Amino acid sequence: MKISIRPFEKEDIAKKIEWINDPENNRFLHYDLPLEYEKTLNWFEKNRGRTDRADMVIEADGEPVGLIGLLSIDRKNGKAEYYVSMGEKAMKGQGIAKEASRLILEYAFRELRLNKVYLFTETGNIAAQKLFARVGFETEGLLKADVVSHGAPADRYALGITRADWLRNQPQTPVAEAGELQNNRLFFKRDDLIPYCFGGNKARKAELFFNRIDEGGFDCVVTYGSSHSNHCRIVSNMAARRGISCIVIAPSEVSEPTFNSRFMDLFGAKLITVPVEMVHDTIKDTLAKLKAEGRKPYFIPGGGHGNIGTEAYVRCYDEIAAYENEKRIRFDYIFFASGTGTTQAGLICGKLMSGGAENIVGVSIARKNPRGRNVVLDSVREYLSAKSFACDEAEIEKTTVFIDDYTGEGYGASDSQIMAAIRCAMTEYGVPLDSTYTAKAFAGMEDYLKKNGIAGKNILFIHTGGTPLFFDDMARLNVTERTDE
Ligand SMILES: *Cc1c(COP(=O)(O)O)cnc(C)c1O
């Protein structure tokens, strides 16, 4: 059964009246009974467009079955009151309210970024309290004679769940302390361990794109990238798992076989290889052709660029903050490989929206300044404005550190320092880095620490993936080894 929540509409009024007027349903509710159409319509019209409440309908396989929502949404204090009420009696006891509650908490903590969600429940409402406990609410106190319920004073419990507690129970990639680096404590966040074919930041982004694909019932996916592309490897994996076709538009200039392209073959992706200047039109034509055939294609921008990709790294930032809270540690610096800048934009937005204190340093793997940094800045502004999060421009500027000394000769460039970083990370920490992304970032980080005399700090390196590229590098590593002897 697929459970979803959506905004309450005018058409839902009749159902609401039927549900709330049922004595079994309204035993612990505090409505002025009976509900009538006119009154409820007034309520609906009055509350339409309000941003301090979110009234939603719970659906099971597309059929409305109950009500859920947030009241008194208080942006200043970052909190809101939650309510839930199953309407269809035959649908109770099947875990629907629990799943819907999970979804509304996700909305409260991810979309609205609240710090707390709370509720009040009559002490006699045992069934509801079991549900609230299962969703993660904790009892914070007893409020005596807090309401008059069906003519008599009733006690209520106050329950709440904080953002920190909620985040701690969300899935997250591991953070491991690796050892010392120039008298700093070095930690790795292993986004390369995200499931789906060697994971990486493209997997973190693609998960959110595929949520859209699943929700929208799309039946094929079109994307863009070279034979080296981690993004295309991941997207072909996720498409194959769903049994939908994946079409990769690839530039003929970079089309030699790599481990990533072998994976695309393994997953049955369809490659359309054209000269780079034809890529744009080929994407347009391919999408048009699929639609003409009656298909429903979804286009994912190359590298997972855009607000959806940025959102994925806001979530990564949230995971880091949750780790910091739990372990009572503060990362002074966060380093990672920056390409299209989406990863960096997400981390920056996460930090700005939660008032974090880490220094976020993107090590460019290709683009030079000022362009590289400007692309990051544009992504940050685009995301924050979509979220209606007002942020001081100077603050955004200050938070965006994009260093471009390690771009080498562009994507796939290699030099002895980068090969040394690959050898060192594998030998010292048992972590595979590749010459296109993570080894450049690692070498850039080492140099940045040295140049800026940074010591005694907590340093987090986000491993953004690309492990198949590490295997492409292995041949070159071995050659260097033999020459050394
Ligand atoms: C794509 C990629 C990056 C760069 O990510 P952006 O969001 O494009 O900046 C870094 N590391 C790896 C392994 C990648 O595949």
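Note that the numbering runs from 1 along the sequence shown for the chain. First listed ligand is number 1; within each ligand, the first listed atom is number 1. Predicted model only: the values in this text are computed from it and were never measured. All heavy atoms count here, side chains included; hydrogens, waters and symmetry mates do not.
- Listed by atom number, the atoms of ligand 1 under 4.0 Å from Thr342 heavy atoms are 7 (O), 9 (O).
- Under a 4.0 Å criterion applied to the non-hydrogen atoms of Gly466, ligand 1 contributes the atoms 13 (C).
- The shortest N or O to N or O distance between Tyr437 and ligand 1 is not below 3.5 Å.
- For ligand 1, the atoms closer than 4.0 angstrom to any heavy atom of Ser338 are 9 (O).
- Ion pairing between Arg204 and Glu319 holds under the 4.0 Å rule for side-chain N and carboxylate O.
- Here SG of Cys424 is found 7.5 Å from CG of Leu181. Values are rounded to the nearest 0.5 Å.
- Of all the atoms in ligand 1, the ones that sit under 4.0 Å from a non-hydrogen atom of Thr340 are 6 (P), 7 (O), 8 (O), 9 (O).
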Stepwise ring pair (Phe, Tyr, Trp, His ring centres under 6.0 Å) test for Phe259 and Phe198
CA-CA 11 Å; Phe259 280 111; Phe198 297 103; 9.2 Å; no

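- Within a 6.0 Å radius of CD in Glu397, other residues, nucleotides and ligands contribute more than 12 heavy atoms.
- Distances from atom 4 (C) of ligand 1 to the heavy atoms of Gly372, Gly339, Gly199 put Gly339 nearest.
- Interface atoms of ligand 1 facing Asn230, defined by a heavy-atom separation under 4.0 Å, are 13 (C), 14 (C), 15 (O).
- Salt bridge present: Arg163 and Asp318 bring a charged side-chain N and a carboxylate O closer than 4.0 Å.
- Side-chain contact of Ser229 with Asn260: a donor-acceptor pair under 3.5 Å is absent, judged by distance alone.
- Heavy atoms of Thr436 found under 4.0 angstrom from ligand 1: none, in either backbone or side chain.
- Using cut-offs of 30° and 60° on the angle between ring planes, the pair His463 and Phe461 is perpendicular.
- When heavy-atom distances to ligand 1 are checked against a 4.0 Å cut-off, Lys205 comes that close only through its side chain, counted from C-beta outward.
- Between Gly341 and ligand 1 there is a heavy-atom distance shorter than 4.0 Å.
- In this structure, Gly465 has a heavy atom closer than 4.0 Å to ligand 1.
- In summary, the atoms of ligand 1 found under 4.0 Å from a heavy atom of Thr464, numbered by their order in the structure, are 10 (C), 11 (N), 12 (C), 13 (C).
- Partner of Val361 under the side chain to side chain contact (heavy atoms under 4.5 Å, CB included) criterion, chosen from Val401, Ile334, Leu347: Val401.
- Contacts between Lys202 and ligand 1 below 4.0 angstrom, taking non-hydrogen atoms only, involve the side chain exclusively.
- Counting only N and O atoms by type, the side chains of Arg295 and Ser245 include a donor and acceptor under 3.5 Å apart.
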